[in-house]
Amino acid sequence: AWAGELEALGAEVLRLPAIRIEPPADRRSLEAVARNLAAFDWTIFTSVNGVDAFFAMLERMGRDARAFGTCRIAAVGSGTAARLAEQGIRADLVPPKYVAEEILASLKSAGVFAAEGGERRPLRFLLPRGDLARAELPERLRELGAEVTEVIAYQTVLETTGQEEALAALAQGTVDAVAFTSASTARHFVQILGPQRLKQALASPRLK
């Protein structure tokens, strides 16, 4: 989508795939939570990839959106919310920004952590995420007294194909800007180029 917007503005976009999304090496933990979604109060999806991976697992198990039962759903980002809608789920909460503070603030504003009379068990959150996800969100939820189950829904691996044209343009110094869509794409970009080619690319006058 971003590349298309740049092209609509007249830019020439060279795509350099740096990551590939694959199922987790061990799916047992993901299968276990998929069988017991009703045990959670909230599921927080932090990416489109997480939605795709989780629902692919549900489909393999012969289940669908009804498996969530009364579990409420939070979606981080409009794209994530839209992908959930394609699966028949309207997100109960969509924080305006993807930072832990905004997610927690939105949950608090919605009264999720409001105190109730009598004894109350901790709220149970499920976070299906990638293997490179940051720890800040689950840590902050636990600080608020929540029980958090993190499960690897997909893994991010290094892509090794479809990069020839973009790499050639970098080597020739004909690239004006490099844009990254995530921290993992930036890390893998450095890995793909290696020290010598990276130094050469960054030395290009057009990138300064």
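Just so it is clear, the structure is predicted and the values come from calculations on it, not from any experiment.
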Between [X] and [Y], is any pair of side-chain heavy atoms under 4.5 Å apart?
X: L158; Y: Q191; result: yes
X: V157; Y: H188; result: no
X: V151; Y: L127; result: no
X: F125; Y: T149; result: no
X: P17; Y: Q163; result: yes
X: L193; Y: K199; result: no
X: D131; Y: T156; result: yes
X: L198; Y: I192; result: no

Exercise: identify the closest heavy-atom pair between [X] and [Y]:
X: L123; Y: V112; value: CD1-O, 3.1 Å
X: S204; Y: G173; value: OG-O, 3.5 Å
X: A67; Y: L58; value: CB-CD2, 4.3 Å
X: V94; Y: A81; value: CG2-CB, 4.0 Å
X: A91; Y: A75; value: CB-CB, 3.8 Å
X: G130; Y: I152; value: O-CD1, 3.8 Å

Report the distance from atom [atom1] of [X] to atom [atom2] of [Y], rounding to the nearest 0.5 Å.
X: I89; Y: I73; atom1: CD1; atom2: CD1; value: 5.0 Å
X: M61; Y: R27; atom1: CE; atom2: CZ; value: 12.0 Å
X: R129; Y: T46; atom1: CZ; atom2: OG1; value: 6.0 Å
X: E165; Y: L170; atom1: CD; atom2: CG; value: 11.0 Å
X: E31; Y: D26; atom1: CD; atom2: CG; value: 8.5 Å
X: L104; Y: S109; atom1: CG; atom2: OG; value: 10.5 Å

Flag yes if [X] and [Y] sit in one hydrophobic cluster, no otherwise; membership is Ile, Leu, Val, Met, Phe, Trp, Tyr, and two members link when side-chain heavy atoms are under 4.5 Å apart.
X: F45; Y: I103; result: no
X: F113; Y: L126; result: no
X: L84; Y: F68; result: yes
X: I19; Y: V178; result: no

Are the side chain of [X] and the backbone of [Y] linked by a donor-acceptor contact shorter than 3.5 Å?
X: T185; Y: S182; result: yes
X: Q87; Y: A65; result: no
X: Q155; Y: P23; result: yes

**Complete:** Residues at least two apart in sequence or cross-chain that pass side-chain hydrogen bond (donor to acceptor under 3.5 Å, both in side chains) with N49, listed by chain then number, are none
Show the atom names and distances, to 0.1 Å, of all donor-acceptor pairs under 3.5 Å that link a side chain in residues 135-148 to residues at least two apart or in another chain.
| unit_1 | atom_1 | unit_2 | atom_2 | d |
| --- | --- | --- | --- | --- |
| E136 | OE1 | R134 | NH2 | 3.2 |
| R142 | NH2 | V148 | O | 3.2 |
| R142 | NH2 | E150 | OE2 | 3.3 |

Distance-only criterion, 3.5 Å: show the donor-acceptor pairs between side-chain atoms of residues 32-43 and protein atoms not counting sequence neighbours.
| unit_1 | atom_1 | unit_2 | atom_2 | d |
| --- | --- | --- | --- | --- |
| D41 | OD1 | R121 | NH2 | 2.8 |
| D41 | OD2 | R121 | NH1 | 2.8 |
| D41 | OD2 | R121 | NH2 | 3.4 |
| D41 | OD2 | R124 | N | 2.7 |

**Message:** I need the full list of salt bridge (charged side-chain N to carboxylate O under 4.0 Å, His left out) pairs touching residues 42-63, with sequence neighbours left out, sorted by first then second residue.
**Reply:** D52-R83
**Complete:** Residue pairs meeting salt bridge (charged side-chain N to carboxylate O under 4.0 Å, His left out), one or both in residues 151-160, sequence neighbours left out, come to R20-E159
**Request:** Keeping to residues at least two apart or across chains, list the ring pair (Phe, Tyr, Trp, His ring centres under 6.0 Å) pairs with something in residues 144-183.
**Result:** F180-F189
**From CA spacing to verdict: side-chain contact (heavy atoms from CB on, under 4.5 Å), R206, T174** = CA-CA 7 Å; R206 295 182 66 165; T174 58; 4.0 Å; yes
